[in-house]
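To start, the structure under review is shown below, and the notes come after it.
In what follows, every chain begins at residue 1, and chains take the letters A, B, ... in the order their sequences are listed. Basis for what follows: all heavy atoms, side chains included, without hydrogens, waters or symmetry-related copies.
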Amino acid sequence: MRIATWNVNSIVARLPRLLGWLESAQPDVLCLQELKTTTDAFPHEEVSALGYEVAAYGLGRWNGVAILSRVGLEDVRRGIVDQPAYEDAVEPRAIGATCRGLRIWSVYVPNGREPGHPHYAYKLRWLEALHATVVAESSQDRPLAVLGDFNIAPTDDDVWDIGAFEGATHVTDAERKALAMLRDAGLSDIVPRALKYDRPYTYWDYRQLAFPKNNGMRIDLVYGDPKFASAVSDAYVDREARKGKGPSDHAPVVVDVTL
DNA sequence: ATGGCAGACCACGTCTGA
């Protein structure tokens, strides 16, 4: 079974590329983030035409997550356990579903903006809620994986130049400790192969020629429980999807599992 | 010292992203 995650930075703007990628990469399950549209406005017909069921969760301009599956889509759940609000709004940042016996979550962790900002505190609270969700769902007798845009670079090697991140989010101890908590809960970081260069970055800023310079970050992560991790046969970042006209600023992460 | 790009909508400026 082929599982993937991709922050598309607007499902509407990315639809032609998404459809083409589904046809070429042939994932069985795809987790999407940053739909930037409502559940109703999701392009259900176009995606269904390729054989995928859709569970989408979007409220409009920002955020929005979805799971696409051609191997079943059951027990859909929108939002995580005690999901915190930001400025009184509970945002569409997580959706879970069961696909052929595999429990999958598509998550879009808050950005944080800058350490000390209320959004940063929100990010850390959100990660605690994600941890609680993982703990709650780990009791089930089925493989579990959390995929998505975590907005955290797990190590200094996961950014092109750690010196450029002084005082910035994505690399702080508190954020990385939240990832460590997920690992303590039994999940493993499924590190993908890079198809070019030595580091498996998944995001490159649109500005400053970041992609051709490979000034990237690995922030789109796959966290799997032991059942999932032991079933992984391959994992890679599809950087080809970052090339050309009208790409997302993120590339898909693809994981093959014998489940 | 800062923006640069891209997308959505509060739409011809503003906000967000990381």
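When the C1' atom is used for both B:dA1 and B:dA11, the distance is 30 Å, rounded to whole Å. With P as the reference atom, B:dA18 and B:dC12 are 26 Å apart, rounded to whole Å. A gap of 14 Å separates the P atoms of B:dC15 and B:dG4, to the nearest Å. Taking atom C1' on both B:dG3 and B:dC9, the two are 23 Å apart, rounded to the nearest angstrom. To the nearest whole angstrom, the two P atoms, one in B:dC10 and one in B:dC5, are 25 Å apart.
As a whole-Å value, the separation of A:Leu35 CG from B:dA8 C1' is 13 Å. Protein atom CD of A:Glu34 is 18 Å distant from nucleotide atom P of B:dC15, rounded to whole Å. Across the protein-nucleic acid pair, A:Arg93 atom CZ and B:dT16 atom C1' stand 10 Å apart, rounded to whole Å. Between A:Asp205 atom CG and B:dG3 atom P the separation is 13 Å, expressed in whole Å. Atom NZ of A:Lys213 and atom C1' of B:dG4 are 10 Å apart (whole Å). Rounded to whole Å, the distance from CG on A:Asp249 to P on B:dC5 is 13 Å. Note: NZ (A:Lys243) to C1' (B:dC5) measures 20 Å, nearest angstrom. If you take CD1 of A:Ile152 and P of B:dG17, they are 15 Å apart, rounded to a whole angstrom.
Residues A:Arg125 and A:Glu128 are not paired through a salt bridge, judged by the lack of any N-O separation under 4.0 Å between the basic side chain and the carboxylate. Between A:Lys123 and A:Glu175, at least one side-chain nitrogen of the basic residue sits less than 4.0 Å from a carboxylate oxygen of the acidic one, meeting the salt-bridge criterion. Salt-bridge annotation for A:Lys213 and A:Asp205: absent, with no side-chain N of the basic residue lying under 4.0 Å from a carboxylate O of the acidic one.
Using a 4.0 Å heavy-atom criterion, one finds that A:Tyr203 contacts the sugar-phosphate atoms exclusively. Backbone-only contact: A:Tyr108 has heavy atoms under 4.0 Å from sugar-phosphate atoms and none from a base. Contacts of A:Asn63 with the nucleic acid, taken as non-hydrogen atoms under 4.0 Å apart, are absent. Counting non-hydrogen atoms under 4.0 angstrom, A:Ser10 reaches the backbone sugars and phosphates but no base.
Remark: the backbone N or O of A:Asp220 is paired with a side-chain donor or acceptor of A:Thr202 at under 3.5 angstrom.
Side-chain nitrogen and oxygen atoms of A:Asn151 include at least one within less than 4.0 Å of the OP1 or OP2 phosphate oxygen of B:dA18. Neither OP1 nor OP2 of B:dA18 sits under 4.0 Å from any side-chain N or O of A:Arg113. For A:His250 and B:dA18, the shortest distance from a side-chain N or O to OP1 or OP2 is below 4.0 Å. For the OP1/OP2 pair of B:dG7 and a distance below 4.0 Å, the side-chain nitrogens and oxygens of A:Arg14 include at least one atom meeting the criterion.
Geometric assessment of A:Arg218 against the ring of A:Tyr201 yields a negative cation-pi assignment under the 6.0 Å and 45° thresholds.
Side-chain atoms of A:Arg61 lie closest to B:dT14 of the nucleotides B:dA6, B:dT14, B:dG4. Counting only heavy atoms from C-beta on, A:Trp62 has its side chain closest to B:dC10 among B:dC10, B:dA18, B:dC5.
Position along DNA chain B of the nearest nucleotide to A:Gly60 versus A:Gly112 favours A:Gly60 as the more 5'-ward residue. In this structure, A:Thr169 and A:Gln208 both approach DNA chain B, and ranking their closest nucleotides by distance from the 5' end singles out A:Gln208.
Judged by distance alone, the side chains of A:Arg183 and A:Tyr223 do bring a donor and an acceptor atom under 3.5 Å apart.
In the interface, the side chain of A:Asn111 is paired with the base of B:dA18 through a donor and an acceptor atom under 3.5 Å apart.
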